[in-house]
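Here is the structure we will look at, set down as structure tokens.
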Number of protein chains: 2
Amino acid sequence: MKPKTSAALSTQSMLQLDQQLCFALYSASLAMNKVYRTLLAKLRLTYPQYLVMLVLWERDALTVSEIGERLFLDSATLTPLLKRLEAAGLLDRVRSAEDERQVIISLTAEGRALKKQAGSVPSEVFCATGCEVDELLALKTQLNDLRERLANNS
Amino acid sequence: MKPKTSAALSTQSMLQLDQQLCFALYSASLAMNKVYRTLLAKLRLTYPQYLVMLVLWERDALTVSEIGERLFLDSATLTPLLKRLEAAGLLDRVRSAEDERQVIISLTAEGRALKKQAGSVPSEVFCATGCEVDELLALKTQLNDLRERLANNS
DNA sequence: TGCTATTTAATTGCAAGCTATATATTTTGC
DNA sequence: GCAAAATATATAGCTTGCAATTAAATAGCA
């Protein structure tokens, strides 16, 4: 099988390639989730829960939708997840006094303390990727671009 | 903010980058799923169901684990999914006569017929990605490599 | 003012996806 | 041949993630 230039690719193979990309994206994402599952087990967090904690460690006392904007998730996903983190004692959910439609999410002392314990996670994930920094950077940029285009065309 | 070479990246920024890559992967995957949800609605298929159908359109009469090997999914995910496809009349699940532990998954006439209707999906997804073919190819390769490394290190 | 439109969260119902476990069958070792 | 190990699928229980809907509060405007 000869290598082909992009000009020589048939429409058919383009379409297959496209399917292959989507599948690669899908299965890489599942594989990443599995790695995080293992690493986050000691913190008793899932990956989406960890993402919420990362957001709050960076900036505390956000509304549900402010968290959602950063993570591209809506209240249907976040509300139950935040309730579980609240039940775990990591954060508080309080109606805003100024605008009672909003719910302010604030870390508890326990939630802030967890940041230290989570300190080793990034380097462990980095090792699991087995990537060079340049590679990570390029991939990150491409995936962000792809996400934006997909979100605009759906 | 000056652009940095990889040599100049601090450990801290490397770790942040790594987190950013994982989040980019996660959210791009969700965005892709949403695009497929729209496109597959007319076929009454979800994306994982579509993947199973792609596998069977390529090669019919596979066992549950043969499908699982191709999609990196196990029976806990596949059995309920296959039951739904069976209930939709797209495939049959029959215990193998030679080895009664195995279940053979075979397309029904309706399942085979759906292939034609699905013909337009790849090009529609391709448009939604807004990518050049070269870009798709590079990304696919990188994601497959990443998936493999993550799977080996978890 | 009062009434409608908008915004924010929450809820419902569904399909994945995972770990851990169970069940049935086949293979292996003696 | 038979008990133990291995294999294949299924099930239970949990957490996402989503579309669609609801409930409540605020904003906007005649």
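Note on naming: letters A, B, ... go to the chains in the order of the sequence lines (proteins, then strands), and numbering restarts at 1 for each one.
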How many whole angstroms separate atom [atom1] of [X] from atom [atom2] of [N]?
{"X": "B:M32", "N": "C:dA16", "atom1": "CE", "atom2": "P", "value": "13 Å"}
{"X": "B:R93", "N": "D:dA8", "atom1": "CZ", "atom2": "P", "value": "17 Å"}
{"X": "B:N33", "N": "D:dT16", "atom1": "CG", "atom2": "P", "value": "17 Å"}
{"X": "A:L30", "N": "C:dC18", "atom1": "CG", "atom2": "C1'", "value": "10 Å"}
{"X": "A:L73", "N": "D:dA19", "atom1": "CG", "atom2": "P", "value": "12 Å"}
{"X": "A:L78", "N": "C:dA9", "atom1": "CG", "atom2": "P", "value": "10 Å"}
{"X": "B:I105", "N": "D:dA8", "atom1": "CD1", "atom2": "C1'", "value": "12 Å"}
{"X": "A:R95", "N": "C:dT8", "atom1": "CZ", "atom2": "P", "value": "12 Å"}

Rounded distance (nearest 0.5 Å) linking atom CG of A:L25 with atom OG1 of B:T129
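A:L25 CG to B:T129 OG1: 11.0 Å, rounded to 0.5 Å.
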Tell me which pairs pass ring-ring contact (aromatic ring centres under 6.0 Å, His included) where either residue lies in residues 24-44 of chain A, with sequence neighbours left out.
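Sorted pair list: A:Y26-B:Y47, A:Y36-A:Y47, A:Y36-A:Y50.
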Side-chain donor-acceptor pairs under 3.5 Å in residues 111-119 of chain A, sequence neighbours left out?
residue	atom	partner	partner atom	Å
A:R112	NH1	A:L107	O	3.1

Heavy atoms only, 4.0 Å cut-off, all strands: where does B:Y26 land among base, sugar-phosphate and nothing?
sugar-phosphate
Do the charged groups of [X] and [Y] touch, with an N to O distance under 4.0 Å?
{"X": "B:E124", "Y": "B:K42", "value": "yes"}
{"X": "A:E110", "Y": "A:R44", "value": "no"}
{"X": "B:R149", "Y": "A:E135", "value": "yes"}

Write out a two-atom table: protein N or O, nucleotide N or O from nucleotides 20-29 of chain D, distance below 3.5 Å.
residue	atom	partner	partner atom	Å
D:dT26	OP1	A:E100	N	3.2

For A:F72 against B:S27, the heavy-atom pair lying closest together
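Heavy atoms of A:F72 and B:S27 come nearest at CD1-CB, 3.9 Å.
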Determine the sole option in B:L73, B:V103, B:D74 for which the side chain to side chain contact (heavy atoms under 4.5 Å, CB included) test with B:V64 is passed.
B:V103
As a quick check of understanding, evaluate side chain to side chain contact (heavy atoms under 4.5 Å, CB included) for A:N153 and B:V35, giving each step before the final call.
CA-CA 7 Å; A:N153 300 5; B:V35 168; 5.7 Å; no
Is the shortest side-chain N/O distance from B:T77 to OP1 or OP2 of C:dC18 below 4.0 Å?
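Indeed, a polar side-chain atom of B:T77 lies that close.
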Working note: B:T63 + B:I104, criterion side chain to side chain contact (heavy atoms under 4.5 Å, CB included); need CA distance, chi angles, decisive distance, verdict.
CA-CA 5 Å; B:T63 66; B:I104 311 289; 3.9 Å; yes
Using heavy atoms and a sub-4.0 Å distance, could you list which residues of residues 79-92 of chain B are near DNA chain C? By number, please.
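Those residues are B:L81, B:R84.
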Can I get a per-line list of side-chain donor-acceptor pairs under 3.5 Å for residues 77-91 of chain A, giving both atom names and the distance, sequence neighbours left out?
residue	atom	partner	partner atom	Å
A:T79	OG1	A:S75	O	2.9
A:E86	OE1	A:R93	NH1	3.1

Considering only heavy atoms, which members of residues 35-69 of chain A lie under 4.0 Å from some atom of DNA chain D?
A:T46, A:P48, A:Q49
